Visitor: 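Following this message is one structure expressed as structure tokens.
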Amino acid sequence: MAEFVRLHEVGPRDGLQNEPRAIPVAQKVALIDLLATSGLRDIEVGSFVSPKWVPQMADTDRVMAALAPAPDVRFAVLVPNMTGWEAFLAARVPGVHYEIAVFISASEGFSQNNLNCSIAQSVARLAPVVEAARAEDLRLRGYISCVTDCPFDGPTLPERVADAAALLRAIAPMPLSLGDTIGKGTPQRVAAMLEAVMQVVPVSDLAGHFHDTGGQALANIDVALDLGLRAFDSAVGGLGGCPYAPGAPGNVATEAVLELLDRRGFDTGIDATVIAKAAQMARGMR
Ligand code: HMG
Ligand code: MG
């Protein structure tokens, strides 16, 4: 039997958050509803962050309220602090499965620019969010950004990523998604980073999150598969961009990852024809 690889669809959040024009709630909901029929089990639908920092995600509560029931799907949202947690609580719909995604950086420069605080401060700020989510029996996921390169600090040492992973998992033993935020990683450097992180986190708890800015995302997924990772994040239609590289490709495209996994003989439970339709819809939103 083919081995299973889990894909986390991040297009509606990581992809759309970069789009400068206001995208109507109905369009976001139509995309997520379609994705929810594809066999995907995890879809990130928004974030409860400051609307001044990321205006495109300011409607996450309205998106959540309008989604069609999808009993087999877990909807993930990013929560950076207790203000975001309170907003999530006010917006959640009874009976829906949610995942709370918390995020830190492996580099100090990105932490300051993305979260307005140091890595240590960001972890301290997340501790009560994690505690609250656990009290509600919600699934947690931790993101670590800049796992190979930081737009402010340059290359990230693999040990710094392992340190960040250990810090986050000291709060709670959550699965982690390792983000090549600016898509500069190469297979060799990704492998070195993964080997360092695997010293402190079991590989079954790791996902790869590759942006395709440098055109290396699929090669990086290949090497991560070789090292035993069986979960990846991707965005339908390759949604997303990079604020530091105008016009650059966004997150690795879900349809391209599906093709790669199919070629390598992995099973995902995802219907590529539905993803192709969603990709077309997503491209129309850029
Ligand atoms: P801050 O300004 O330091 O926060 O922002 P503060 O606590 O000093 O509060 C300032 C104001 O923001 C206050 O309002 C708060 O109420 C408000 P005021 O009194 O001025 O009117 N505020 C909030 N409003 C709504 N929701 C909240 C919230 N918190 C405070 N949760 C903060 C700190 C974290 C909020 C800010 O830095 C922020 O929102 N950053 C956004 C970060 C973000 O969403 N980045 C993109 C996602 S991460 C990513 O894409 C990487 C990833 O894909 C993996 C990878 O690729 O590497 C995950
Ligand atoms: Mg990302």
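Bear in mind that the values here come from a model prediction, so they are computed numbers and not experimental data. In listed order, ligands and their atoms are each counted from 1. Along the sequence shown, residues are numbered consecutively beginning with 1.
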Visitor: How does T181 reach ligand 1, by side chain, by backbone, by both or by neither, if only non-hydrogen atoms under 4.0 Å count?
Guide: both
Visitor: Between M57 and ligand 1, which residue portion shows a heavy-atom distance shorter than 4.0 Å: side chain, backbone, both, or neither?
Guide: neither
Visitor: Is the Mg ion (ligand 2) less than 2.8 Å from at least one N/O/S atom of D14?
Guide: yes
Visitor: Does R13 make a cation-pi contact with Y143, if we ask for NZ or CZ under 6.0 Å from the ring centre and within 45° of the axis?
Guide: yes
Visitor: Hey, what's the ring geometry for F75 with Y98, parallel, tilted or perpendicular (30° and 60° as the breaks)?
Guide: tilted
Visitor: If the cut-off is 4.0 Å to any non-hydrogen atom of G84, which atoms of ligand 1 fall inside it?
Guide: 31 (N)
Visitor: In terms of side-chain heavy atoms, does Q121 have a donor or acceptor partner in S118 at a distance below 3.5 Å?
Guide: yes
Visitor: Does a donor on one side chain sit under 3.5 Å from an acceptor on the other, for H97 and D72?
Guide: no
Visitor: Please work out, at 4.0 Å between heavy atoms, whether the side chain, the backbone, both, or neither of S50 comes within that distance of ligand 1.
Guide: both
Visitor: Would you indicate which of N113, V54, I144, N81 comes nearest to atom 30 (C) of ligand 1 when only heavy atoms are counted?
Guide: N81
Visitor: Atom 5 (O) of ligand 1: which of W53, F88, F48 has the nearest heavy atom?
Guide: W53
Visitor: Residue-level breakdown please: for R13 versus ligand 1, do any non-hydrogen atoms fall below 4.0 Å on the side chain, on the backbone, on both, or on neither?
Guide: side chain
Visitor: Mind checking whether N114 contacts ligand 1 via backbone (N, CA, C, O), side chain (CB onward), both or neither, at a 4.0 Å heavy-atom cut-off?
Guide: both
Visitor: For F4, is the NZ or CZ atom of R6 found under 6.0 angstrom from the centre of its six-membered ring and inside 45 degrees of the ring axis?
Guide: no
Visitor: Using a strict cut-off of less than 4.0 Å between a Lys/Arg side-chain nitrogen and an Asp/Glu carboxylate oxygen, indicate whether D42 and R141 qualify as a salt bridge.
Guide: no
Visitor: Who gets closest to atom 3 (O) of ligand 1 by heavy atom: N18, N116, T60?
Guide: N116
Visitor: Is R74 salt-bridged to E44, cutoff N-O under 4.0 Å?
Guide: no
Visitor: Short list, please: which atoms of ligand 1 are under 4.0 Å from a heavy atom of P51?
Guide: 24 (N), 25 (C)
Visitor: Checking S105 against S145: is there a side-chain donor and acceptor pair closer than 3.5 Å?
Guide: no
Visitor: Check ligand 1 against D14 and write out every atom of the ligand that is under 4.0 Å from a heavy-atom position of the residue.
Guide: 50 (O), 53 (O)
Visitor: Applying a 4.0 Å heavy-atom criterion (strictly less than), which segment of R141 is in contact with ligand 1: side chain, backbone, both, or neither?
Guide: neither
Visitor: Report yes if D180 has an N/O atom closer than 3.5 Å to an N/O atom of ligand 1; otherwise report no.
Guide: no
Visitor: Are E9 and T254 linked by a side-chain donor-acceptor pair shorter than 3.5 Å?
Guide: yes
Visitor: With backbone taken as N, CA, C and O and side chain as the heavy atoms from C-beta onward, which portion of V147 lies under 4.0 Å from ligand 1: side chain, backbone, both, or neither?
Guide: neither
